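Note sheet for the following structure.
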Number of protein chains: 2
Amino acid sequence: MKPTPVYQRIADDLRQAVADGTYPPGSKLPTENVLTERYETSRATVRQGLGVLVNEGLVEPRRPQGYFVIEHKRLVYRPQAEFRRRPPAVDIFTNLVAEYDGRAPSQDIEVSIVEPTQMVRDRLGLEAGELVAARRRVRKLDGTAYNLNDSHVRLSLVQGTDWMTPADVARGTNAVLAELGHEIVYALHEFYLRMPSPQEAQRLNLGAGVPIAEHYATGFDADETPIQVTVSIVPGDRHVIVFDSYRDRENSDQPRIPWGAP
Amino acid sequence: MKPTPVYQRIADDLRQAVADGTYPPGSKLPTENVLTERYETSRATVRQGLGVLVNEGLVEPRRPQGYFVIEHKRLVYRPQAEFRRRPPAVDIFTNLVAEYDGRAPSQDIEVSIVEPTQMVRDRLGLEAGELVAARRRVRKLDGTAYNLNDSHVRLSLVQGTDWMTPADVARGTNAVLAELGHEIVYALHEFYLRMPSPQEAQRLNLGAGVPIAEHYATGFDADETPIQVTVSIVPGDRHVIVFDSYRDRENSDQPRIPWGAP
DNA sequence: GAGTGGTCTAGACCACATT
DNA sequence: ATGTGGTCTAGACCACTCA
């Protein structure tokens, strides 16, 4: 039998105390110094133990006040919403906010011409060197970023159209694509789970221990040609990802994933 | 201007070196002692820097050989597969393995009678105190666990039926439910992203910095009564979550989420 | 046996927000 | 001004694997 490391015991004890309600969400944990005395160890060891809980996303340090138990409030993230007829097709984000009361949604939009990443190139079936139009949106609630959405379309398809307007397009960008003869009728969604890069963590104001989902939504037109790839970064602590399925669906080849993963 | 902490610089430098291919997946990083000399600091600081990368899931320590860059191999996790007609409805897991070559799938099944968690109780609409049958499966590939699936049904519904057989049911457990007059025709899927608990990390052999998705699949019969709730723990580094959607779907009230989140 | 990472000690100085 | 967490030092002993 090997004894449990001290820092693990500290983490386990506190995790248990959080779980059983001794420290409810939002409450304050004992300070590092108090724990150092309680466990008769050094502060470095206590910090190692608290670090475990921070990396689990269970508590957060608020300097110089102490460690606090995190409270989660999640929005519904429902990519399918864009493809429903009744109620009328609404933007994903509008739909999200509907489930959240009284908070002001906004978004920053930026349009540019870029070389696509390999992931986007694979999904749009592009030749090396071909350029895409990128429509980057930062979705915000009460001013703080909630998720990032970057849509990509072949440049030759949308150059000079409203798709590239760096502002809200009233009728929706999907309507613009439909006018161009490429209505999106089918979408394939992929979610890759990982920890954020430091840049992502900063942009989205993520605490330690908050995973993200990298969401690739590939939209196809009636000819089964891939038209648009939207890459979203979805912070795990602020969303629940939702979709539904019916057993009685006809028309179903298995969607194939002929592309590489990151 | 505040200078970047030394441990951050170490983490940033190594992350960059991994990104640009200096250390490709599977390769070995410099040892702690080498880095201690290179950065003219203490080993504790170097360890703090490496800890950042470990928590990002980018590298893993292999004692006593050093730190190595992680390589990912992902399976397709596609909850919708269970609800398709053509090709014939297949078990999720069988479908997954189809995309993975030459590895031997297996599963451990365990059936018990339990008090449901609040999440399950909410989704099945149970009274306090009502019991459920739980069918717990550990899905394995070449002997190592890949994901956990716990299905829950009202005990009164399946007691004494094949649903509770702690082994593979050839015709499938959904067929058993159909025979009982509760064919599942609609399912609502929710994904909650978080870091694993230590128990989950151990059961699934997760490295540090590997997030998981907690997947709730609630199955409804033709009367729109919730019949079955399956809770899956999906390790983020071994899966890509996939589903699709069609624009021409009729029949669509927005799915409501009237229940609490964890 | 040599070298690795894992754990731990006992100090130190700092920036920062609340009081 | 005080107390908080953030960073860092310079050691120490251990368990483990590999040559």
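From a predicted model like this one, the values you see are computed outputs, not experimental measurements.
Distance from the side chain of B:T45 is smallest to D:dT9 among C:dC8, C:dG6, D:dT9. Of the listed nucleotides (C:dC8, C:dG5, C:dT9), C:dC8 has the atom at the smallest distance from the side chain of A:P5. You'll find that the side chain of A:T31 is closest to D:dG5, out of C:dT9, D:dG5, C:dC8. In the set D:dG6, D:dA10, C:dG3, D:dA10 carries the atom at the smallest distance from any side-chain atom of B:S42. When each of C:dT4, C:dT9, D:dT9 is scored by its nearest atom to the side-chain atoms of A:T41, the top-ranked nucleotide is C:dT9. Comparing D:dT17, C:dG5, D:dG5 by their nearest atom to the side chain of A:P61 picks out D:dG5. Of the candidates C:dA10, C:dT4, C:dC8, C:dC8 carries the atom nearest the A:Q48 side chain, counting heavy atoms from C-beta on.
For A:Y7 and C:dC8, the shortest distance from a side-chain N or O to OP1 or OP2 is not below 4.0 Å. Contact annotation: B:Q65 side-chain N/O to C:dG5 OP1/OP2 distance is not under 4.0 Å. Proximity of B:Y67 to the phosphate of C:dG6: a side-chain N or O atom is located under 4.0 Å from OP1 or OP2. Contact annotation: A:N33 does not reach the phosphate of D:dG3 (side-chain N/O to OP1 or OP2, under 4.0 Å).
A salt bridge is absent between B:R137 and B:E110; no separation between the charged side-chain nitrogens and carboxylate oxygens falls under 4.0 Å. Under 4.0 Å is where a charged nitrogen must lie from a carboxylate oxygen, and between A:E60 and A:R62 at least one such pair does. The pair B:E190-A:R74 does not count as a salt bridge, with every side-chain nitrogen at least 4.0 angstrom from each carboxylate oxygen. Between A:R15 and A:D12 there is a salt bridge, since a side-chain N of the basic residue sits under 4.0 Å from a carboxylate O of the acidic one. Ionic pairing of B:R135 and B:D150 is not present here: no N-O contact between side-chain nitrogen and carboxylate oxygen is shorter than 4.0 angstrom.
Looking at heavy-atom distances under 4.0 Å, A:R62 makes no contact with the nucleic acid at all.
Taking only distance into account, the side chain of B:R43 meets the base of C:dT7 through a donor-acceptor pair shorter than 3.5 Å.
Remark: C1' of D:dT2 and CD of A:E32 are 16 Å apart, rounded to the nearest angstrom. Spacing between atom NZ of B:K28 and atom C1' of D:dT17 amounts to 13 Å, rounded to whole angstrom units. The distance from atom CD of B:E37 to atom P of C:dG3 is 12 Å, rounded to the nearest whole Å. A straight line from CZ of A:R47 to P of C:dT7 spans 16 Å, rounded to a whole angstrom. Across the protein-nucleic acid pair, B:L35 atom CG and C:dG5 atom C1' stand 13 Å apart, rounded to whole Å. Rounded to a whole Å, the CZ atom of A:R9 is 15 Å from the P atom of C:dT7. Between the CZ atom of A:R63 and the C1' atom of C:dC16 there is a distance of 6 Å, rounded to whole Å.
Toward the 5′ end of DNA chain C lies the nearest nucleotide of A:E40, the other residue of the pair A:P64 and A:E40 mapping further downstream.
Put simply, the side chain of A:P211 does not reach to within 4.5 Å of the side chain of A:L193, judged on heavy atoms.
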